[in-house]
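Quick note: numbers below take in every heavy atom, side chains included, and nothing from hydrogens, waters or symmetry partners. In what follows, chains are A, B, ... by sequence order, proteins preceding strands, each numbered from 1.
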Amino acid sequence: MTQAGGVRQNLIALGLFVVVLAALLLWVGASGYRQDLVVLSASFALIALGIYIPFLLGGLLSVAYSAYALIGSYAVGILALYTDWPIPLAWIGGMIVAAVVAVLLGIATARLSGFHLVAVTLLFSTAFQTFLTDAESITGGSRGLLGFRALDFFGYPVSRQAQMIVAVVLVGVLGHLINRLASSPWGIVLQSSRAAPLAVESNGISVTALRLQALALGAAVASLGGALFATYNGGVSPETFSLQTVFVAAFMPLVGGVGSAWGGVIGAVLGIETTVNLPAVGDSGSFIFSLAVLVVLVLVPTGVLGALQWLLKAGAAAMGRRQMPIDKTPQEKLS
Amino acid sequence: MLEPQLWISVLEIGSFYSLLALAYMIIRQGAGLLNFALAGYAMLAGVCAVWATTTLHLPVWPALGVGAAAGILASVATEFLVVRPMVKRTENEELPLVMAVAAVLFALEQGSGSIFGRTNMRGLRPFDFPPILVGEAVVTPTTVSLVGTTLVVFFLYSLWLHRSRTGRMLRAVGDNSEAAGVLGFPIAWIRFTAFVIAGAIVSVAGIVFAQKAGISFRSGLPWALKGFIAAVIGGSGTEWAPLVGGMVLGCADVFVPYYLGGAALDYSIFVIAVVFFIFRPQGIFAERVRA
């Protein structure tokens with residue numbers, strides 16, 4: 001791609017983002033409930049983006065993400081209740097702590113993969129939740145931490161609407177950066193290490209180090225999601241991000257589409273919409289979402305984005321513009 | 001470690017974990033995957049049996065039948081609708097299958113919650129008698145049904161594995177599925193059988209264990225993890241290995257909270273899992289595949 005083409009693409013992306021943000025602001029209006037919904041979706045989108053880096057780029061199914069999100073949330077809580085430092089420091093602190101924990105856990109589980117890695121990281125999340133419930137003097141036990149002071153910017157209070165915008169902008173920026181990262185040399189090596197670790201290793205690149213970097217990065221992004229959520233709600237408990245929610249978060253990038261970081265964002269919006277906001281289905285939203293996940297896994301492994309892309313191309317071809325060849329879906333290529 | 005009552009508890013909990021571990025082993029041999037969702041079948045069977053008595057007003061034994069049928073059906077559905085199409089497509093990739101069984105487990109939990117309610121339920125008691133005092137320990141109907149069921153299941157399974165045609169084929173596929181395929185073994189049929197048998201075993205396990213610990217739609221995930229660890233601890237060298245793995249994990253489950261407090265259990269389970277997975281992934285009884 002030429003330099004000018006890259007700039008043009010970035011401008012288009014920026015324009016698209018501004019349009020989405022404007023549409024969101026119009027839709028939310030003055031509704032506090034819709035505002036909550038957007039922040040919840042944005043938080044989960046960040047967690048899904050965090051999962052996307054090691055899982056879909058590196059093939060590492062570490063699922064300790066409820067722990068990382070909780071680290072972010074509790075960092076905000078502890079800083080807000082026990083110090084008078086500015087709250088965004090806690091966002092950064094939480095990201096660092098989560099990254100360190102992810103590296104330690106990654107070292108301990110370096111030899112595991114697949115089912116075993118899932119089991120151990122789930123057990124870690126369980127143990128971490130127990131720890132939060134148990135260490136009552138710091139974490140407030142099962143009640144958690146409540147009543148944080150409101151977010152301010154050098155003394156100026158930041159309204160809830162502004163916080164929502166910050167959350168959405170963070171999702172946009174990080175999603176864009178992660179997409180860039182995926183096509184950077186680092187991202188390409190990481191993706192190759194998934195398919196051919198020996199080839200990567202024989203080029204003098206340590207696969208272990210690469211994986212630890214991916215895990216640390218993912219944990220930091222997920223922790224930011226937890227931190228935003230806790231800042232907005234002014235409270236957190238061990239149940240805020242339970243093992244069940246991490247399941248939902250891990251499915252989000254798959255539903256949205258595995259080819260791009262935006263898949264995680266779309267998955268988060270769809271996931272929150274079905275599990276929280278569909279009044280017609282009552283409390284069956286999670287059930288419907290999990291069935292959707294199964295349908296995607298079994299029938300459309302490229303997810304919503306992949307299916308859309310395929311439809312667009314097929315549609316363009318049907319309309320007679322034959323210069324665009326129809327790409328086969330990965331499923332067809334394999335069979 | 002001298003309290004006899006605690007050992008009774010170990011036997012009860014250990015029995016349950018052994019059955020889950022056995023089911024893990026069967027599906028692993030037949031299909032080559034560790035099916036987390038099987039704890040979901042156990043939960044579904046238990047919850048559905050309770051629901052059959054409270055909502056359909058069935059007597060206990062027919063209700064147990066309904067529960068077991070639901071569990072087996074879920075297992076067979078997993079094989080047909082998820083595993084079979086995915087095994088065809090993803091030959092060398094494990095990750096999509098891991099996500100798929102996790103999604104099945106999650107769907108079973110949420111589905112049971114939506115259909116049968118999200119409350120904690122008391123398990124059904126297939127038979128009842130006043131507690132018996134054996135030495136210093138009290139033996140309840142729960143103890144008898146849990147331990148008895150486990151022994152019967154393991155005995156029958158061992159008999160089936162060694163005496164029946166399908167049982168011997170399952171062992172062959174478990175040892176080397178490619179070679180078995182080359183020799184013309186009906187791989188898909190064996191995988192189906194493995195899911196049916198494992199589904200039946202965990203359904204019975206879930207129904208019987210529900211009377212000890214109670215049951216809710218959220219029981220699936222914790223059971224899945226415990227059964228998985230028991231399966232890894234035991235190894236797959238013999239069909240009795242899951243029994244040992246289950247009992248070892250049962251000891252941890254009973255004695256750690258008793259001596260060190262409840263929170264220590266979750267920490268030590270994590271440590272046990274890491275230690276076993278990393279240093280002895282083949283378990284106590286290692287598989288010796290003939291070279």
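Both the backbone and the side chain of B:Phe277 come within less than 4.5 Å of a heavy atom of chain A. Residue contact with chain B, scored on non-hydrogen atoms closer than 4.5 Å, involves the side chain of A:Leu112 exclusively. Within the 4.5 angstrom heavy-atom criterion, no atom of A:Leu117 approaches chain B. Proximity to chain B involves both the backbone and the side chain of A:Ala250, based on heavy atoms less than 4.5 angstrom apart.
Using bins of under 30°, 30° to 60° and over 60° for the plane-to-plane angle, the ring pair A:Phe131/B:Tyr267 lands in the tilted bin.
With values rounded to the nearest 0.5 angstrom, B:Met99 atom CE is found 4.5 Å from A:Leu254 atom CG. Rounding to the nearest 0.5 Å gives a distance of 7.0 Å between CZ of A:Arg111 and CZ of B:Phe279. Interatomic distance, CG of B:Leu221 versus OG of A:Ser242, reported as 9.5 Å (0.5 Å rounding).
By the 6.0 Å contact criterion, CZ on A:Arg143 is open, its count of non-hydrogen atoms from other residues, nucleotides or ligands being 12 or less.
Shortest non-hydrogen contact noted between B:Ala107 and A:Leu291 is CB-CD2, 4.4 Å. Among all heavy-atom pairs drawn from A:Leu297 and B:Ala103, the shortest one is CD1-CB, 4.4 Å. The shortest non-hydrogen separation linking A:Ser290 to B:Phe106 is CB-CD2, 3.3 Å. The shortest heavy-atom contact between A:Ala127 and B:Asp266 is CB-O, 3.8 Å.
Contact count versus chain A (heavy atoms, under 4.5 Å) is highest, among B:Ile229, B:Leu34, B:Val104, for B:Leu34. Each of B:Ile278, B:Val274, B:Ile269, B:Val271 has some count of heavy-atom pairs under 4.5 Å with chain A, and the biggest count is that of B:Ile278. Contact tally against chain B (heavy-atom pairs below 4.5 Å) for A:Phe55, A:Phe124, A:Phe287: the top residue is A:Phe287.
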(message) Before you tell me yes or no, could you show the steps for B:Phe228 and A:Phe115 under side-chain contact (heavy atoms from CB on, under 4.5 Å), namely the whole-Å CA-CA distance, both residues' side-chain angles and the distance that decides it to 0.1 Å?
(response) CA-CA 9 Å; B:Phe228 184 71; A:Phe115 293 99; 4.3 Å; yes
(request) Please assess B:Gln110 against A:Ile288 for the test side-chain contact (heavy atoms from CB on, under 4.5 Å), listing each intermediate value before the final yes or no. (result) CA-CA 9 Å; B:Gln110 296 301 327; A:Ile288 293 172; over 6 Å; no
(message) For B:Leu95 and A:Arg194: C-alpha separation, side-chain torsions, deciding distance, then whether side-chain contact (heavy atoms from CB on, under 4.5 Å) applies.
(response) CA-CA 11 Å; B:Leu95 278 184; A:Arg194 176 181 180 174; 3.8 Å; yes
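Partner of B:Leu225 under the side-chain contact (heavy atoms from CB on, under 4.5 Å) criterion, out of A:Leu122, A:Val120, A:Val118: A:Leu122 alone.
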